[in-house]
Protein chains: 2
Amino acid sequence: MRRLAQELDTGPASLYVYVRNTAELHAAVLDELLGEVDLGSIRGGGDWRQQLVRVLSSYTAVLFEHPGLARSALVARPSGPRYLELLEALLALLAQGGVPDGRAAWGVDALLQFATATAAEQATRDAAPDAQDEIDALVAAVRGSCAQTHPRLAALGDELFSGTGQDRLAWGFHVLINGILQTARPGATDR
Amino acid sequence: MRRLAQELDTGPASLYVYVRNTAELHAAVLDELLGEVDLGSIRGGGDWRQQLVRVLSSYTAVLFEHPGLARSALVARPSGPRYLELLEALLALLAQGGVPDGRAAWGVDALLQFATATAAEQATRDAAPDAQDEIDALVAAVRGSCAQTHPRLAALGDELFSGTGQDRLAWGFHVLINGILQTARPGATDR
DNA sequence: ACCTGAACACCGTTCAAGT
DNA sequence: ACCTGAACACCGTTCAAGT
């Protein structure tokens with residue numbers, strides 16, 4: 001708020017004429033930024049799964065550039081035209097893949113949550129090198145764990161921290177898509 | 001920091017003797033709290049899937065009580081004994097389900113991230129009623145969306161916001177578990 | 001060596017007062 | 001009606017100075 005106000009050569013109080021609080025500001029800014037997600041070029045090729053992963057990766061990339069936004073997007077979703085467009089595109093692709101309607105509704109939420117959380121996690125770590133300390137501590141703890149008491153941990157070891165962020169993100173999307181295809185919602189029909 | 005210092009009848013500076021920053025403090029507190037996740041009672045019945053969902057739900061419940069912790073757990077993971085115990089238990093259950101080692105390593109991460117993100121999201125919304133405004137705005141925007149330009153959105157409508165938090169969480173766990181079972185990691189063997 | 005008072009450099013939000 | 005200066009009530013972190 002204060003930084004934006006300064007940029008606009010005014011006091012922070014003036015912003016509250018246009019916006020109710022920081023969450024609302026973040027949601028509005030994110031919706032604007034979502035213009036960078038090119039939904040048109042999605043039809044560039046590949047099946048619906050690949051197209052889905054492409055849109056979601058593009059969404060993640062936008063958030064990745066703005067760690068603070070990613071963190072608040074987890075709690076305060078935008079509701080502007082770009083976000084609606086994104087939802088529509090994702091729902092269309094899921095329908096194309098034969099996912100039942102109700103399940104697709106919950107599915108987009110899971111997919112976007114995964115994308116947002118991953119962006120918040122990685123972007124924050126990149127921006128604040130201090131945050132890297134915590135996972136370094138975890139790596140050390142796993143390496144130092146006793147094979148007697150923690151056999152699985154000892155067996156897997158560094159495997160837990162392997163792979164690039166890109167690869168893990170794409171794998172996660174595919175896990176979710178496959179899972180959504182195979183998992184009925186609780187209750188009878190799952191229309 | 002300041003609140004904890006006050007509780008301890010000292011100044012905030014004193015805490016920096018024991019802890020490097022807030023992230024480290026949060027990670028340590030969360031590890032302590034993880035003692036409430038009863039890994040023993042997991043063997044209470046059901047197959048490995050149900051047991052997995054039970055542990056993860058218990059983990060989510062702990063975070064749910066502490067919104068602030070949940071938010072920072074997304075970025076700064078604990079590395080204490082309770083967290084290692086939790087990882088070990090989850091890995092053991094995945095192995096029992098026949099998930100290949102390397103895939104299980106990435107899988108626990110996805111499962112815990114989903115649990116943590118869901119807790120951060122819902123707990124924050126519950127704690128700060130202001131945050132509810134944003135999803136209210138989204139509900140209104142979806143309802144007001146035009147069926148011509150956004151056919152899927154119009155068709156699904158309130159379905160997007162249906163279900164209890166509990167049901168969506170459990171469904172998400174099952175989606176991930178099923179997805180993990182069916183999705184190989186990039187690269188050749190996926191040992 | 002271990003601890004801490006006081007200060008530094010920030011936040012978001014409110015509200016009375018101005019134009 | 002629209003805008004805003006100034007204040008309120010907070011933060012995390014540092015560091016010189018104390019015991």
Side-chain angles (χ1 to χ4, degrees), chain A residues 1-33 63 65-80 116 120-138, chain B residues 1-33 63 65-80 116 120-138:
Chain A
M1 286 293 188
R2 292 183 107 96
R3 233 170 323 144
L4 174 61
Q6 196 167 16
E7 209 86 25
L8 263 39
D9 270 314
T10 180
S14 307
L15 303 178
Y16 287 82
V17 177
Y18 308 98
V19 111
R20 207 156 24 172
N21 50 42
T22 348
E24 202 174 294
L25 174 66
H26 280 158
V29 171
L30 177 53
D31 195 76
E32 208 59 41
L33 249 26
L63 283 184
E65 299 297 315
H66 307 271
L69 275 190
R71 264 183 321 253
S72 66
L74 210 59
V75 151
R77 317 224 165 171
S79 57
T116 310
E121 192 176 341
Q122 289 188 30
T124 305
R125 278 210 262 268
D126 287 10
D130 260 22
Q132 188 62 32
D133 295 352
E134 263 64 47
I135 86 124
D136 289 348
L138 181 55
Chain B
M1 285 294 189
R2 292 182 109 97
R3 234 170 322 144
L4 174 61
Q6 196 167 14
E7 210 85 24
L8 265 36
D9 270 313
T10 182
S14 307
L15 302 178
Y16 288 80
V17 177
Y18 307 97
V19 111
R20 210 157 21 175
N21 50 43
T22 347
E24 204 175 292
L25 174 65
H26 281 159
V29 171
L30 177 54
D31 195 76
E32 208 58 42
L33 249 27
L63 283 184
E65 299 297 314
H66 307 271
L69 275 189
R71 263 181 324 248
S72 67
L74 210 59
V75 151
R77 316 225 165 172
S79 58
T116 309
E121 192 174 341
Q122 290 189 29
T124 305
R125 277 210 263 267
D126 287 11
D130 260 22
Q132 188 61 32
D133 295 352
E134 262 65 47
I135 86 125
D136 290 347
L138 180 55

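First the proteins, then the strands, lettered A, B, ... as listed; each starts at 1. Note that these values count all heavy atoms, side chains included, but never hydrogens, waters or copies made by symmetry.
Closest to the side chain of B/S14, from the set D/dC11, D/dA7, C/dT4, is C/dT4. Nearest to the side-chain atoms of B/A13 among the listed nucleotides C/dC3, C/dT13, D/dT14 stands D/dT14. With distances taken from any side-chain atom of B/V17 to the nucleotides D/dG5, C/dC11, C/dT4, the minimum falls on C/dT4. Ranking C/dT13, C/dA7, C/dC3 by closeness to the A/T22 side chain, first place goes to C/dT13. Relative to the side chain of B/M1, the nucleotides D/dG12, C/dT4, C/dT13 differ in distance, and D/dG12 lies closest. Considering only side-chain atoms of B/P12, the nucleotide from D/dC15, D/dC3, D/dT13 that sits closest is D/dT13.
Atoms CD (B/Q6) and P (D/dC10) sit 10 Å apart, rounded to a whole Å. Straight-line distance from the CG atom of B/D9 to the C1' atom of C/dG5: 15 Å, rounded to whole Å. If you take CG of B/L8 and P of C/dT4, they are 10 Å apart, rounded to a whole angstrom. Protein atom CG of B/L25 is 9 Å distant from nucleotide atom P of D/dG12, rounded to whole Å. Following rounding to the nearest Å, B/H26 (NE2) and D/dC11 (P) show an atom-to-atom distance of 12 Å. A/Y18 has its OH atom 8 Å from the C1' atom of D/dC3, to the nearest Å. Atom CG in A/L4 sits about 17 Å away from atom P in C/dC10, given to the nearest Å. Atom pair B/R2:CZ and C/dC11:C1' shows a separation of 12 Å (rounding to whole Å applied).
In this structure, the side chain of A/R125 engages the main chain of B/V75 through a donor-acceptor pair within 3.5 Å.
Here B/Y16 does not reach the OP1 or OP2 of C/dC3: none of its side-chain N or O atoms lies under 4.0 Å away.
Nearer to the 5' terminus of DNA chain D, by closest-nucleotide assignment, is the contact made by A/T10 (compared with the other of B/R3 and A/T10).
A distance of 7.0 Å separates CZ of B/R20 from CG of A/D130, quoted to the nearest 0.5 Å. For the atom pair A/L69 CG and A/D31 CG, the distance stands at 11.5 Å (nearest 0.5 Å). Note that CG of A/D136 and CD of A/Q132 are 5.0 Å apart. Values are rounded to the nearest 0.5 Å.
Looking at DNA chain D, the stems built from 3 or more consecutive Watson-Crick or G-U wobble pairs, each pair with its key distances under 3.5 Å, are C:4-8 with D:12-16, C:12-16 with D:4-8.
The neighbour count for B/Q6 CD, taken as heavy atoms of other residues, nucleotides or ligands under 6.0 Å away, does not exceed 12.
C/dA9 and D/dC10: their C1' atoms are spaced 13 Å apart (whole Å).
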Audit row: B/M1, B/V19, side-chain contact (heavy atoms from CB on, under 4.5 Å) steps and yes/no
CA-CA 10 Å; B/M1 285 294 189; B/V19 111; 3.7 Å; yes

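No contact: A/R20 has no heavy atom under 4.0 Å from any strand.
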